[in-house]
Amino acid sequence: MAAAHLAVTQAVNVLDAGSLLSAFGALGVAVVLFAETGLLVGFFLPGDSLLFTAGLLCAGGGDGGSVHLSLWQVLVAAVVGALLGAQTGYWLGRRGGRALLARSRSKKLHEGAERAEHLLERYGHAKAVVLARFVPIVRTVLNPLAGALEVPGRVFTVWQAAGGLVWTIGLTMAGYALGSSVPNVDRYLLPLVALVVVVSLVPIALEARRARARRASEQAPVVTGGRGGRPD
């Protein structure tokens with residue numbers, strides 16, 4: 001039995017929500033969300049799809065070898081992992097977030113940092129911290145960046161908790177609601193998770209498009225001169 005469990009654990013695909021949940025259950029939710037929101041190395045982890053899939057599996061019948069999770073355990077694990085992770089990221093940022101980010105060679109991580117900084121500048125501290133929860137990579141980078149930029153600790157804590165609760169409970173309950181209303185929904189798990197991944201990438205695509213438009217407008221030549229004027 002122990003050997004079989006070890007074999008399953010070794011075969012876990014950390015990028016696959018179903019694989020993580022099959023191997024670690026609710027504990028895997030807490031660990032993944034903590035790493036994704038608190039440690040820069042966790043930017044690639046599947047937070048959105050993990051929460052939605054966990055909700056689906058909580059509603060499943062659990063027969064025939066399919067995974068069945070306890071809804072209250074998943075909700076507690078998700079909230080604890082996401083809130084502690086964000087607070088840890090902020091604490092690390094206060095103690096050298098810029099230096100940690102500078103050491104990374106990941107292009108995606110640096111692009112995420114640019115988007116996170118833009119969110120803070122555009123929307124202000126409170127709104128940016130909440131919105132970042134729903135944007136992959138940005139939710140990883142914004143927490144240490146907020147610490148590095150000395151966002152007030154009380155402001156960060158209140159709004160990261162608010163955003164974390166909405167994000168974790170909302171996505172988990174969305175998966176649970178769908179799983180409860182569609183019989184044998186686990187048969188459609190892969191396409192549903194793929195859909196969640198695509199939807200979660202929409203904010204990144206929109207922000208990238210806006211960033212390109214801003215750069216284009218900044219680089220456009222400015223036409224000056226009076227009526228009929230011409231260069232000497």
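Just so you know, these numbers come straight off a predicted model, no measurement behind them. Residue numbers count from 1 along this sequence.
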S.K.: Compare every heavy atom of His125 with every heavy atom of Val155, then report the nearest pair and how far apart it is.
M.R.: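 Reported closest heavy-atom pair: CG1-CB, 4.1 Å.
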S.K.: Could you tell me whether the side chain of Asn143 and the main chain of Tyr90 form a donor-acceptor pair under 3.5 Å?
M.R.: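 Pair absent, no side-chain N/O of Asn143 close to backbone of Tyr90.
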S.K.: Counting N and O atoms only, with roles assigned by atom type, does the side chain of Arg139 sit under 3.5 Å from a partner on the main chain of Ala86, one being a donor and the other an acceptor?
M.R.: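 Looks like no, no N/O pair under 3.5 Å.
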S.K.: Under the criterion side chain to side chain contact (heavy atoms under 4.5 Å, CB included), which of Leu27, Thr53, Val74, Leu56 is the partner of Leu21?
M.R.: Thr53
S.K.: Consider only side-chain heavy atoms of I, L, V, M, F, W and Y, link residues closer than 4.5 Å, and tell whether Leu83 and Phe156 are in one cluster.
M.R.: no
S.K.: Give the minimum heavy-atom separation between Ala26 and Leu69, together with the two atoms involved.
M.R.: N-CD2, 4.4 Å
S.K.: Look at the side-chain heavy atoms of Ile, Leu, Val, Met, Phe, Trp and Tyr, link any pair under 4.5 Å apart, and say whether Tyr123 and Val135 land in one connected group.
M.R.: yes
S.K.: Please test Leu39 against Leu92 for side-chain contact (heavy atoms from CB on, under 4.5 Å), starting from the C-alpha separation and ending with a verdict.
M.R.: CA-CA 9 Å; Leu39 308 175; Leu92 291 174; 4.1 Å; yes
S.K.: Would you find a donor on one side and an acceptor on the other, under 3.5 Å apart, between the side chain of Thr140 and the backbone of Glu36?
M.R.: yes
S.K.: Verify whether one side chain among Asp48 and Trp167 offers a donor that lies under 3.5 Å from an acceptor in the other.
M.R.: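 Per modelled atom types, Asp48 and Trp167 side chains form a pair under 3.5 Å.
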S.K.: Compare every heavy atom of Val138 with every heavy atom of Ala132, then report the nearest pair and how far apart it is.
M.R.: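 That would be CB-CG1, 3.9 Å.
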S.K.: Give the cluster check for Ile169 versus Tyr176: same hydrophobic cluster or not, with ILVMFWY residues linked at side-chain heavy-atom distances below 4.5 Å.
M.R.: yes
S.K.: What are the two closest heavy atoms between Thr37 and Ala82, and how far apart are they?
M.R.: OG1-O, 3.5 Å
S.K.: Would you compute the distance between atom CG of Leu171 and atom CG of Leu50 and round it to the nearest 0.5 angstrom?
M.R.: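 Output value for this atom pair is 10.0 Å.
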S.K.: Distance from Leu75 atom CG to Thr172 atom OG1, nearest 0.5 Å?
M.R.: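 Nearest 0.5 Å value for the CG-OG1 distance: 5.5 Å.
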S.K.: In Å, rounded to the nearest 0.5 Å, how long is the span from NZ of Lys127 to CG of Leu119?
M.R.: 10.0 Å
S.K.: I'd like to know if Leu33 and Leu165 are part of one continuous hydrophobic network [Ile/Leu/Val/Met/Phe/Trp/Tyr, side-chain heavy atoms within less than 4.5 Å].
M.R.: no
S.K.: From Thr157 OG1 over to Gln87 CD, what is the distance, rounded to the nearest 0.5 angstrom?
M.R.: 3.5 Å
S.K.: How far apart are the C-alpha atoms of Glu114 and Val141, what are their side-chain angles, what is the distance that settles it, and do they pass the side-chain contact (heavy atoms from CB on, under 4.5 Å) test?
M.R.: CA-CA 9 Å; Glu114 292 178 6; Val141 181; over 6 Å; no
S.K.: Determine, for Glu150 against Arg94, whether the closest basic-nitrogen to carboxylate-oxygen distance falls under 4.0 angstrom.
M.R.: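 No, this pair does not count.
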S.K.: Test of understanding: clusters of I, L, V, M, F, W, Y form through side-chain heavy atoms closer than 4.5 Å, transitively. Do Met173 and Phe134 belong to the same one?
M.R.: no
S.K.: I need the Leu84 CG to Gln160 CD distance, nearest 0.5 Å.
M.R.: 8.5 Å
S.K.: Would you name the heavy atoms of Leu51 and Ala78 that are closest together and state the gap between them?
M.R.: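 Taking every non-hydrogen atom into account, CD2-CB, 3.6 Å.
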S.K.: Counting C-beta onward and ignoring hydrogens, is there a side-chain heavy-atom pair between Thr88 and Phe34 closer than 4.5 Å?
M.R.: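 They are in contact (side-chain heavy atoms under 4.5 Å apart), so the answer is yes.
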S.K.: Nearest 0.5 Å, please: how far is CG in Leu57 from OG in Ser70?
M.R.: 12.5 Å
S.K.: Closest heavy-atom contact between Val129 and Trp159?
M.R.: CG1-C, 3.7 Å
